[in-house]
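Here is the naming used below: chain letters follow the sequence lines, and residue numbers restart at 1 for every chain.
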2 protein chains.
Amino acid sequence: MTAVGRRERKKLATRAALREAALRLALRHGVEHVTVEQIAAETDIAVRTFFNYFSSKEEAMVAAVAAEADALIGEFRDRPREEPVLHALREAVARVIAGSDADALRLIVRAPSLLPQRLAVYATREKALAEAIADRLGLSPDDLYPAVCAATALTAMRVVLERWLDRPADHAALREQTEEVIGLLAAGLERRLP
Amino acid sequence: MTAVGRRERKKLATRAALREAALRLALRHGVEHVTVEQIAAETDIAVRTFFNYFSSKEEAMVAAVAAEADALIGEFRDRPREEPVLHALREAVARVIAGSDADALRLIVRAPSLLPQRLAVYATREKALAEAIADRLGLSPDDLYPAVCAATALTAMRVVLERWLDRPADHAALREQTEEVIGLLAAGLERRLP
DNA sequence: TGGAAAATTGCACGTCATGCATGAATGCGT
DNA sequence: ACGCATTCATGCATGACGTGCAATTTTCCA
């Protein structure tokens with residue numbers, strides 16, 4: 001697939017090192033107090049080079065989220081095509097979450113200054129997920145359903161994740177809440193006064 | 001309601017003036033090339049004072065979107081309680097959109113540098129909308145349904161708006177697409193290969 | 001091995017955003 | 001109308017951010 005020489009590998013490694021350094025420093029000093037200079041120093045590269053990899057400090061910090069979003073899409077594409085869309089999404093989410101670092105996620109999700117960039121990450125992944133959904137159903141990526149399904153599903157997952165991070169709970173609870181939300185989306189959201 | 005003296009009125013006026021100046025300059029020179037200094041000069045206030053009203057240039061530019069989101073929630077609350085949630089949302093959206101400035105919206109929505117802040121605006125309104133939905137249904141704001149419904153509905157509206165702005169179309173088309181998306185949410189998003 | 005392509009780095013520069021101190025404007029009670 | 005307390009506007013200083021540019025180093029490959 002992506003044939004990589006040493007050059008590519010080193011770039012990937014540097015990018016990962018910067019991402020991890022940013023997160024490590026944020027855990028140690030708090031997200032607000034980390035500077036690009038610190039991140040660069042921790043990774044032993046020039047400040048200028050940092051900006052060759054990330055266009056902002058925030059982008060480096062939410063890179064972990066971006067990686068998980070990409071993983072989610074990959075898992076979704078790997079699900080058997082006979083599965084209904086939301087069912088496949090639920091399983092993909094479960095697999096990604098199982099291998100996630102809750103502490104790092106909590107740090108990122110709870111930092112107000114990272115909210116805009118984090119949301120931007122989700123939004124930029126919407127298109128890729130919409131294409132995956134369109135592929136699965138044999139629809140055009142320009143159709144309304146793939147776009148709406150991708151965007152709303154990602155949003156619903158975000159809400160679940162935020163709620164879960166806000167309460168002390170285990171991974172089983174997260175899985176349960178994921179299923180509940182998928183159930184809501186599948187059943188339709190219309191409601192009225194009893 | 002909000003009893004306002006001269007002080008409050010002047011603050012509101014200054015805030016509106018800054019917001020409009022930011023948008024006007026963005027229309028004239030492009031979003032990327034507007035500086036805080038220009039906005040302040042155009043409004044004839046000190047640069048330092050600008051930051052008393054908005055914490056960033058981007059926040060001033062998406063203030064119009066924030067105002068529309070607030071209007072949406074207000075319209076939603078004004079809908080009769082017997083209406084089902086999504087029906088009320090659809091009508092609220094239609095009313096807000098009818099009075100919106102498509103050119104300004106297009107400018108904001110199409111500017112990549114404003115994407116994070118714009119999404120943050122929607123996200124911060126989710127809580128208020130969730131409370132409104134909970135009120136309507138007699139649920140607790142901590143329940144899952146209001147949170148998910150608010151977040152996904154706002155997201156779906158965002159997708160519709162973005163798609164509509166990307167194609168040349170009139171307000172009738174927007175209304176139509178809004179109804180289509182609400183229909184999707186109401187009917188449930190699950191789908192499988194035929 | 002030699003040169004093309006790409007990555008790293010330092011430097012300069014403009015912008016952003018905030019804390020702090022000071023003076024001006026406003027609202028309120030008397 | 002007066003004086004006082006609160007709030008607001010402003011200038012200044014400061015540190016961090018992000019980018020263009022050019023020089024240098026590293027990597028790749030013919």
key: Distance below 4.0 Å between A:Tyr53 side-chain N/O and C:dT8 OP1 or OP2   =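 Yes, such a contact exists.
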OP1 or OP2 of C:dA7 under 4.0 Å from side-chain N/O of A:Lys10: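 For A:Lys10, the contact criterion (side-chain N or O under 4.0 Å from OP1 or OP2 of C:dA7) is not met.
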Using whole Å, what does the distance between atom [atom2] of nucleotide [N] and atom [atom1] of [X] come to?
X: A:Asn52; N: D:dG20; atom1: CG; atom2: C1'; result: 12 Å
X: A:Lys57; N: D:dG18; atom1: NZ; atom2: P; result: 7 Å
X: A:Asp44; N: C:dT9; atom1: CG; atom2: C1'; result: 12 Å
X: B:Leu18; N: D:dA9; atom1: CG; atom2: C1'; result: 12 Å
X: B:Glu32; N: D:dG18; atom1: CD; atom2: P; result: 14 Å
X: A:Phe50; N: C:dT9; atom1: CZ; atom2: P; result: 13 Å
X: B:Lys11; N: D:dT6; atom1: NZ; atom2: P; result: 16 Å
X: A:Glu58; N: D:dA16; atom1: CD; atom2: P; result: 14 Å

Exercise. Inspect the contact between B:Glu75 and B:Arg79 and indicate whether a charged nitrogen and a carboxylate oxygen are less than 4.0 angstrom apart.
Key: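 Not counted as a salt bridge, because no side-chain N and carboxylate O are separated by less than 4.0 Å.
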Taking the six-membered ring of A:Phe76, is the NZ or CZ of A:Arg136 close enough (under 6.0 Å from the centre) and on axis enough (within 45°)?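 Yes, a cation-pi geometry.
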Nucleotide nearest [X] (side chain, heavy atoms from C-beta), chosen from [options]:
X: A:Arg7; options: C:dA6, D:dT19, C:dT18; answer: C:dA6
X: A:Ala46; options: D:dT10, C:dA17, C:dG10; answer: C:dG10
X: B:Val36; options: C:dC16, D:dC17, D:dT19; answer: C:dC16

Review point. Taking the nucleotide of DNA chain C with the closest heavy atom to each, which residue, A:Val47 or B:Ser56, is nearer the 5' end?
Key: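 On the 5' side of the pair lies A:Val47.
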- Task: Quick one: label A:Thr49 by what it contacts on the DNA or RNA (base, sugar-phosphate, nothing), any heavy atom closer than 4.0 Å.
- Result: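 A:Thr49: base contact, heavy atoms under 4.0 Å.
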message = Using side-chain heavy atoms (C-beta onward) and a distance below 4.5 Å, is A:His171 in contact with A:Trp164?
response =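 Of all side-chain heavy-atom pairs linking A:Trp164 with A:His171, at least one is under 4.5 Å.
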**Request:** Would you check if B:Phe51 and B:Val36 make a side-chain contact, meaning some heavy-atom pair closer than 4.5 Å?
**Result:**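 They are in side-chain contact.
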ask   = If you pin A:Arg48 and A:Val34 to their nearest nucleotides in DNA chain D, which one's is more 5'?
value =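 Upstream on the strand: A:Val34.
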Member of A:Val121, A:Leu115, A:Val62, A:Leu165 meeting the side chain to side chain contact (heavy atoms under 4.5 Å, CB included) criterion with A:Ile108: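 Exactly one option meets the side chain to side chain contact (heavy atoms under 4.5 Å, CB included) with A:Ile108, and it is A:Val62.
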